Amino acid sequence: MQSPHGVGIEAISVCVPRYWLPLTALAEANGVEPAKYAVGLGVEGMAVTHPNEDAVTMAVEASDALLKRYDIDRHSIGLLVVGSETGVDAAKPIAAYVHGLLGLPFACRTLDTKHACYSATAALALARDWCAGSGRGRKALIIATDIARYEVGSAGEPTQGAGAVAMLVGDHPSVFVFEPYREAFFARHVMDFWRPHYRSTAIVDGPASVESYLAALESTYADFERHSGLGWDDFEYLLFHVPFPKMACKAFKLLYEREVARRNGSGMTQALGEAFESRTVPSLWPNRAMGNLYSGSLYASLAGLLERGDGSVEGARAGLFSYGSGCCGEFFSGRVGPDAAAWRGKIDIAGQIKRRTRLDYTGYISFREQSARLAEEGSHTGGAVPGGHFGRVAFLGIKDHQRVYESSPRPAVSDTPFLPAYNASAHTGK
Ligand code: CAA
């Protein structure tokens, strides 16, 4: 039976990596005018992962904060889906590690989704349908977790970043309610951005990726408008996948100019800049500070809108555009929950950003090199790299072809009586 409350996000939390590099330092090292990064791309800093952080640890940090701050019973979770392009194994999903490290119940379906930055949107769609159908009151934990990494000195380097967003989906959505309109999709096989198994850095055709992103936006927005009956004036907010904030600006401009053309040049109540300031800018501050989160970029923007939004954000409708290179795009809509107490003070992106440690260029390069070494067989030799014991869980390297995670506290044993007890030590390699 359909829930009278609808289906949507009941809780949202973001993991902001502990280290960051100001883009002015990167510009200086690359011999680039700083304004190109600050104004041309709209980025101020990028999150840099410590060698003991990876897609798994960030997913656990985001989820652990979510479970604690919103006081969620982990036994209510029956579906765990992780969206990521930063897979740590060709066969074993990130979700399996996260399930163990969080101590989730055995009666839980676990899987990863992959389609570059679109993956978490695909996971949310799966969760939405499951919660509206066979989930029968159980909750879905959806996590977007990624490290955006390009070659040192490449054009993509200033658009790097990292982070994870955890979202609890269920039929009492106090944070964000999905609207029941038909979602709009766009898929096309294009080589705009990809990362072969043997590489830790992505390969990208920058201009092709921008062109493909905008083509997907134009097509999905038109399709959504046609089937939903909603139009420009119905959206208080427009949120986009944000590889870098200037891309959201390009996306917004496309929709604005399309609307101007539709109205034959008259009837717009706001100029382009003013409209962008009110409908999209309030969501972009996490992206400016953290850079590209790939699968989590759109949802870090949503969390940013909720965290900073004043009373006017309550009940507001937002249109969301998700884009994954390769490519797949989707436009859908939802309404912010009516009571900000449900999320305000629980997201804490600003606090995490404030507590970060600033790196210089040498520190950034050193972290990259140490991360590469830790990704090799035999790298686990004991404890964490200096500065690595900071969170709930740390990645300590690889031993006997198994990833070694140190978790504090150890996950609780699951409650399902007829299955063998969960063995926490299997995850630590000790
Ligand atoms: N002051 C102010 N602005 C300046 C400037 C200066 N001194 N110098 C240059 N600029 C401006 C340019 O005019 C340009 O602005 P417009 O885009 O408005 O024209 C902007 O800075 C960027 O300059 P370039 O076009 O010269 O950029 P570039 O060749 O260095 O590459 C990029 C930019 C293509 C985005 C590159 O960073 C890249 O390849 N990034 C990774 C790919 C990416 O993020 N693609 C986005 C769509 S795909 C996607 O969304 C999926 C995903 O997450 C990867």
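Whatever order the structure lists them in is the order used to number ligands and atoms, beginning at 1. Since the structure is predicted, the reported quantities are computational estimates derived from the model, not experimental observations.
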For [X], atoms of ligand 1 separated by under 4.0 Å from a heavy atom:
{"X": "G156", "answer": "37 (O), 38 (C), 40 (N)"}
{"X": "V204", "answer": "39 (O), 42 (C)"}
{"X": "T159", "answer": "37 (O), 40 (N), 41 (C)"}

Option with minimal heavy-atom separation from atom 19 (O) of ligand 1, where the choices are H241, K253, K250: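 Selected option, by shortest heavy-atom distance: K250.
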
For [atom], closest protein heavy-atom neighbour:
{"atom": "atom 15 (O) of ligand 1", "answer": "K246 NZ, 3.5 Å"}
{"atom": "atom 48 (S) of ligand 1", "answer": "S209 CB, 3.4 Å"}
{"atom": "atom 11 (C) of ligand 1", "answer": "G40 CA, 3.5 Å"}

Have a look at ligand 1 and work out which part of [X], if any, has a heavy atom under 4.0 Å from it: side chain, backbone, both or neither.
{"X": "A35", "answer": "both"}
{"X": "E33", "answer": "side chain"}
{"X": "D192", "answer": "neither"}

Residues which pass side chain to side chain donor-acceptor pair (under 3.5 Å) with Y364, listed by chain and number, not counting sequence neighbours: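 For Y364 the side chain to side chain donor-acceptor pair (under 3.5 Å) partners, ignoring immediate neighbours, are E157, Q160, R368.
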
Residues forming a side chain to side chain donor-acceptor pair (under 3.5 Å) with D112, sequence neighbours excluded: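 Result, side chain to side chain donor-acceptor pair (under 3.5 Å) vs D112: none returned.
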
Within 6.0 angstrom of D71 CG, more than 12 heavy atoms from elsewhere: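 Incorrect, the count does not exceed 12.
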
Exceeds 12 heavy-atom contacts within 6.0 angstrom, atom CD of E28: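 At most 12 heavy atoms, drawn from other residues, nucleotides or ligands, come within 6.0 Å of this atom.
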
Heavy-atom gap P158 to ligand 1 smaller than 4.0 Å: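 Per 4.0 Å heavy-atom rule, P158 does not contact ligand 1.
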
Sub-4.0 Å protein heavy atom near atom 39 (O) of ligand 1: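 For atom 39 (O) of ligand 1 the answer is yes, since some protein heavy atom falls inside 4.0 Å.
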
Polar side chain donor-acceptor pair, S212 to Y323, under 3.5 angstrom: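 A pair is found: one side chain offers a donor N or O, the other an acceptor, under 3.5 Å apart.
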
Sidechain N-carboxylate O distance under 4.0 Å for R403, D89: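 No, no charged N to carboxylate O under 4.0 Å.
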
Carboxylate-amine/guanidinium proximity below 4.0 Å for D348 and K68: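 Salt bridge flag = no for K68 with D348.
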
Distance under 6.0 Å and angle within 45° of ring axis: R258 vs W232: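 Pair R258/W232 does not count as cation-pi.
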
